[in-house]
Every structure is written in structure tokens, then in C-alpha cells.
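Everything quoted here is computed from the prediction, not taken from an experiment.
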Amino acid sequence: MVAGPYTSGGAEAATRAARLAELNRAALAVFRMGHVPVIGVNMALPVIAAAEGDAFEDVMMPLSLALAERCDAVLRIGGASAGADAELARFAAAGKPVFRSLAEVPPAATPLRPPAPPSPRG
């Protein structure tokens, strides 16, 4: 999981978009290391949009924290964020790895590879 600020400090739309882009760039770097990264915000936003109402508080953190429970490790990026810190606390409490920079994240033991093409039968 990649965790970092999104709405901290009552961020306006442009700040939220920039923060989400930073989270996505970090996730891409983690992916290129052979991991399968997820971001709580990316999981929650479509669900919030589908609610077609004021569901942000009901969905964002509960869904992000539930996702954190199912991940193997977390990369915490960016500045102050109570939500990201709550995600990180779940990992720490479970004894799961907490990384604070991309340089700390080890390559995956089994890198992701596209499936081999089917062998021709003859």
C-alpha cells in the first residue's frame, strides 16, 4: 500500500489532485519493483462517486483502513496526514513492514512478469 496526504489541511481540488498524482507516481515505482501497489484513495473515490451524495466521511477512511488490513506492507510518503498515519498504525500494530522512502522498499522476491505466450501444439 502507498499512503500519504490527500485531504490534509482542508486541501482544495488542485492540491488533492497533485497529492493523488504523487501517490500514483510512488505506486508506479513500487510496481516497477515487482510489487502490486494499492492506494486507499484510489479504492475509495469511485465508491464515493457512486454514492451520489455526501459519502466521503462514511467511505474514505473505513475503506482505506480495511484495505490496509489486507496488504503486506506500506510505503508512507508526503507530509502530515492523520489518515495516512492511521493506515500506517495498522501495519505497525500487525508487525508488517513500514517503509518511509522508495529506497527502503526491497524488490519483490518474485517479480511480476507477463504470462508466457501459449506454446504451439504440433
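- In terms of hydrophobic clustering, with Ile, Leu, Val, Met, Phe, Trp and Tyr side chains grouped at heavy-atom distances under 4.5 Å, Val98 and Met33 are assigned to a common cluster.
- Scanning both residues, Pro5 and Ala80, for their nearest heavy atoms gives CB-O, 3.6 Å.
- A donor-acceptor distance shorter than 3.5 angstrom exists from the side chain of Arg70 to the backbone of Ala66, with no hydrogens or angles considered.
- By the 4.5 Å heavy-atom criterion applied to side chains, Cys71 and Val38 are counted as neighbours.
- In plain terms, the two heavy atoms of Ile39 and Asn24 that are nearest each other are CD1-OD1, 3.2 Å.
- Ile77 is connected to Leu45 through a chain of hydrophobic side-chain contacts under 4.5 Å among Ile, Leu, Val, Met, Phe, Trp and Tyr, so both are in one cluster.
- To the nearest 0.5 Å, the span separating CD on Glu57 from CD1 on Ile48 amounts to 8.5 Å.
- Smallest separation of non-hydrogen atoms from Glu87 and Gly40: OE2-CA, 4.4 Å.
- Transitive grouping of hydrophobic side chains (ILVMFWY, heavy atoms separated by less than 4.5 Å) brings Leu20 and Val2 into a common cluster.
- The distance from atom CG of Leu75 to atom CZ of Phe99, rounded to the nearest 0.5 Å, is 8.5 Å.
- In this structure, Leu88 and Arg100 have side chains that are in contact, with non-hydrogen atoms separated by less than 4.5 Å.
- Rounding to the nearest 0.5 Å gives a distance of 12.0 Å between OG1 of Thr7 and CD of Glu12.
- Atom CZ of Arg19 and atom OH of Tyr6 lie 10.0 Å apart (nearest 0.5 Å).
- Here Arg76 contributes atom CZ and Ser101 contributes atom OG; the two are 13.0 Å apart, rounded to the nearest 0.5 Å.
- Closest non-hydrogen pair, Val41 versus Ser64, comes out as N-OG, 4.0 Å.
- In this structure a side-chain-to-backbone donor-acceptor pair under 3.5 Å is missing from His35 to Val105.
- At most 12 heavy atoms of other shown residues, nucleotides or ligands fall within 6.0 angstrom of atom CE in Met43.
- Formation of a donor-acceptor pair under 3.5 Å by the Lys96 side chain with backbone atoms of Glu69 is found in this model.
- Listed by chain and number, the residues in a side-chain hydrogen bond (donor to acceptor under 3.5 Å, both in side chains) with Asp72 amount to none (sequence neighbours excluded).
- Residues Pro37 and Val30 approach most closely at CB-CG1, 3.9 Å, considering heavy atoms.
- Cluster annotation: Leu63 is connected to Met1 through the hydrophobic network of ILVMFWY side chains, with a link wherever side-chain heavy atoms come within less than 4.5 Å.
- A donor-acceptor pair under 3.5 Å is absent between the side-chain atoms of Ser81 and the main chain of Ser8, judged by distance alone.
- When all heavy atoms of Ala29 and Leu102 are compared, the pair lying nearest together is CB-CD1, 3.7 Å.
- Hydrophobic clustering (ILVMFWY, side-chain heavy atoms < 4.5 Å, transitive): Val47 and Leu65 are in distinct clusters.
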